[in-house]
2 protein chains.
Amino acid sequence: MAPTRHDLESCARGDAALTRAFTLLGKRWNGLLLGSLGSGPAGFRELSRAIGGVSDSVLSDRLAELCKAGLITRRVDEGPPVTVSYELTEGGRALIPALHQISRWAEEHLPAT
Amino acid sequence: MAPTRHDLESCARGDAALTRAFTLLGKRWNGLLLGSLGSGPAGFRELSRAIGGVSDSVLSDRLAELCKAGLITRRVDEGPPVTVSYELTEGGRALIPALHQISRWAEEHLPAT
DNA sequence: GTACTTACTTCTAAAATCAAAGCAGCATCT
DNA sequence: AGATGCTGCTTTGATTTTAGAAGTAAGTAC
């Protein structure tokens, strides 16, 4: 069946911007990753430890994804030793207040452990 | 260099509340689902259409999950015809402002389409 | 009766994720 | 000079999650 205009455009439900946001945030780890980078730049291993439970392969994917979305940057510090650090861009930093709000919400409304 | 206690226990990185929040929000569809319910109660099919792309089986799972987390309630209206509607609880409603903030952020910082 | 709706559940196949191992470059300990 | 351990990844299966289609039960519309 062909979708009708009404199906496609629909109502208040289905906020396009929120949909875009959750294309990123709705993927496992991305929110925590950004939250973690909110307290300053960090390296790959540092993020891995901070978040805990994410596999290296997925972490690598996620960081690349967030780079491509323009929310973080990858900076290589030619050493030696060579070190890599990830940092929020302006766009990424702009999300931090919302993450803090979510954190506060979780403290109030989600059972601890 | 040996890691210090401070390194291991850390700082702002690894916010427990944010981690709890993203156990829910970091799953595909949950954020959009809550956002959609933010504009009022809705039935299963209505949510399915509003969100678009979610399969029935996953939608069913997600709704059950959000019920168990206490963010939404499932109300059956014995008809006939029987209708089911999902609605935000107080805890769920408390998240809506954060979702609006995220939506506004996406409008500013995420490329449209 | 035929067609279509809602609210699901069940099935299977495809996609995402995990866990472990490997690799290259550098530092540190003995 | 090794041996060991760190970082920042990539590659390799195995496991988990999700999608997509179909099926069920009950009701409405014609």
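Just so it is clear: chains get the letters A, B, ... in the order the sequence lines come, proteins before strands, and each one is counted from 1.
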Restricting to side-chain hydrogen bond (donor to acceptor under 3.5 Å, both in side chains), what partner residues turn up for [X], sequence neighbours left out?
{"X": "Thr83(A)", "value": "none"}
{"X": "Thr19(B)", "value": "none"}
{"X": "Asp61(B)", "value": "none"}

[N] [atom2] sits how many Å from [X] [atom1], rounded?
{"X": "Leu59(A)", "N": "dT7(D)", "atom1": "CG", "atom2": "C1'", "value": "13 Å"}
{"X": "Glu78(A)", "N": "dG25(C)", "atom1": "CD", "atom2": "P", "value": "13 Å"}
{"X": "Leu63(A)", "N": "dT7(D)", "atom1": "CG", "atom2": "C1'", "value": "14 Å"}
{"X": "Arg75(B)", "N": "dT6(C)", "atom1": "CZ", "atom2": "P", "value": "18 Å"}
{"X": "Arg74(A)", "N": "dG8(D)", "atom1": "CZ", "atom2": "C1'", "value": "8 Å"}

Query raised in the report: Hey, is the side chain of Tyr86(A) poking within less than 4.0 Å of OP1 or OP2 on dT7(D), counting only N and O atoms?
Result: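 No, outside the criterion.
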
Query raised in the report: Can a side chain N or O of Thr83(A) be found less than 4.0 Å away from OP1 or OP2 on dT7(D)?
Result: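 No, because none of the side-chain N or O atoms of Thr83(A) sits under 4.0 Å from OP1 or OP2 of dT7(D).
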
Requested in this report: Mind running side-chain contact (heavy atoms from CB on, under 4.5 Å) on Leu32(A) and Leu18(B) for me, showing each step along the way?
Outcome: CA-CA 7 Å; Leu32(A) 294 175; Leu18(B) 196 60; 4.0 Å; yes

Report task. Can you figure out which of dT7(D), dT10(D), dT6(C) approaches the side chain of Arg45(B) most closely? Result -> dT6(C)

**Report entry** From dT6(C), dA7(C), dC9(D), nucleotide with atom closest to Arg49(B) side chain
**Finding:** dT6(C)

**Report entry** Thr73(B): side chain to side chain contact (heavy atoms under 4.5 Å, CB included) partners, not counting sequence neighbours
**Finding:**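 Here the qualifying residues are Glu87(B), Thr89(B).
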
Requested in this report: Please list all pairs passing the salt bridge (Lys or Arg N to Asp or Glu O under 4.0 Å) test where one or both residues lie in residues 25-42 of chain A, with sequence neighbours left out.
Outcome: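 Applying salt bridge (Lys or Arg N to Asp or Glu O under 4.0 Å) to every pair that reaches into residues 25-42 of chain A, excluding sequence neighbours, yields Lys27(A)-Glu65(A).
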
Report task. Going 5' to 3' through nucleotides 12-30 of chain D, assign each nucleotide B (protein heavy atom under 4.0 Å from a base atom), S (under 4.0 Å only from sugar-phosphate atoms) or - (no protein heavy atom that close). Result -> ------SBB------SS--

